[in-house]
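To start, the structure under review is shown below, and the notes come after it.
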Amino acid sequence: MADCDNALNVVVLDFETTGLSPSYGDRAIEIGAVKLKNGEIIETFQELMNPGFPVNNFIAQYTGITNSMLKKARRCNEVMKSFAEFLGDSNFVAHNASFDERFLRSEFEMISRYSIPDYTCSMLCARRIYPDAPSHKLSSLVSYKSIREEDSYHRALQDSIMTSRLWTTMINDIREKYNTGIISFSMMKKLSRMSKKNMDSFFRIHP
DNA sequence: TGCCAGGCCCTCTTTAGGGCCTT
């Protein structure tokens, strides 16, 4: 297996945004990410970005990111160019990745980058691996697995760090439960879309 | 100013609807 297909060599990212839908004009206001090598954080990225219009009160309260903070930030396009260099062609992971993927694709298109690396979703994986968790939102899973918390939720770097800890915890739990060796990214991606009843047979076939 | 989406998953399903998750 190539190093790039090792599930422990990925970028874990998280966006804070002005809303839920880039197709309705929402923009990213913060990107946070960690680069994992063999499951350890070797590099981080965090930057606020000015979307060019004010965020509403809900977003300011939800994230703690205020319009005065955003006024001082670089514009989205400049930040995304820097982030594109950080991400490179690394596979990436996010919690409820379909959300972050839409914003990554949208912001990348605005800097004329029309492709994104392969990605998978920690939430979908957690639904398979921890079906009995009371909830599969990030904060609940962090609590459920007794993962060390950062100072706050809903800030991009802190959420990406906690997602990376959840990600490595899931991989370690799979390795212990199924007595498997190195877990590949492609295996985790298949897992995220697998029916629950096929979990055990999948890891017997892919030791 | 306030509003908006979309994919997954379950079930009282599949000719559908609603909860979960992300901001």
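So that the names make sense, note that chain A is the first sequence line, chain B the second, and so on, each numbered from 1. All values reported here derive from a predicted model rather than from experimental measurement.
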Under the side chain to side chain contact (heavy atoms under 4.5 Å, CB included) test, residues paired with A:Ser21 that sit two or more places apart: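 A:Ser21 satisfies side chain to side chain contact (heavy atoms under 4.5 Å, CB included) with A:Ser23, A:Tyr24, A:Asp26 once adjacent residues are dropped.
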Pairing residues for A:Ala156 by the side chain to side chain contact (heavy atoms under 4.5 Å, CB included) criterion, not counting sequence neighbours: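 Here the qualifying residues are A:Asp14, A:Glu16, A:Glu30.
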Residue mapping more 5' on DNA chain B - nearest nucleotide basis, A:Thr17 or A:Tyr24: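 Mapping each residue to its closest nucleotide by heavy atoms, the 5'-most match is A:Tyr24.
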Residue met sooner reading DNA chain B from 5', once A:Leu138 and A:Asn56 are mapped to nucleotides: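 This one resolves to A:Asn56.
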Shared-cluster residues of A:Phe53, by chain and number - hydrophobic side chains joined below 4.5 Å: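 Grouped by the 4.5 Å side-chain rule, A:Phe53 forms a cluster of one, so the answer is none.
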Side-chain hydrophobic cluster, 4.5 Å single linkage: members besides A:Ile111: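 When side chains under 4.5 Å apart are linked, the cluster holding A:Ile111 also contains A:Val11, A:Leu13, A:Phe15, A:Leu20, A:Ile31, A:Phe45, A:Met49, A:Val79, A:Met80, A:Phe83, A:Phe86, A:Leu87, A:Phe92, A:Phe99, A:Phe103, A:Leu104, A:Phe108, A:Ile116, A:Tyr119.
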Interatomic distance where CG belongs to A:Asn96 and C1' belongs to B:dT23 [whole Å]: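 Distance, rounded to whole Å: 10 Å.
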Rounded distance in Å - CZ (A:Arg102) to P (B:dT23):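 In whole Å, B:dT23 P and A:Arg102 CZ are 12 Å from each other.
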Sugar-phosphate, base or nothing in reach of A:Ile29, heavy atoms under 4.0 Å: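 Result for A:Ile29 = nothing.
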A:Ser21 side-chain N/O to B:dT23 phosphate OP1/OP2 under 4.0 Å: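 No.
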A:Arg127 side-chain N/O to B:dC20 phosphate OP1/OP2 under 4.0 Å: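 No, outside the criterion.
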Any pair counted as side chain to side chain donor-acceptor pair (under 3.5 Å), so long as it reaches residues 156-167 of chain A, sequence neighbours left out: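 Listed once each, the pairs are A:Glu150-A:Arg165.
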Nearest-nucleotide pick for A:Leu20, side chain only, options being B:dG6, B:dC8, B:dA5: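 Among B:dG6, B:dC8, B:dA5, the one nearest the side chain of A:Leu20 is B:dA5.
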Of the listed nucleotides B:dC21, B:dG7, B:dT23, the one nearest the side chain of A:Ser98: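 Minimum distance to the A:Ser98 side chain belongs to B:dG7.
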Sub-4.0 Å heavy-atom contacts from residues 143-163 of chain A onto DNA chain B, ordered by number: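 Contacting residues: A:His154, A:Asp159.
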Main-chain N/O of A:Lys177 paired to A:Arg175 side chain as donor or acceptor, under 3.5 Å: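 Not at all, since once roles are kept as given, no pair shorter than 3.5 Å links the two residues.
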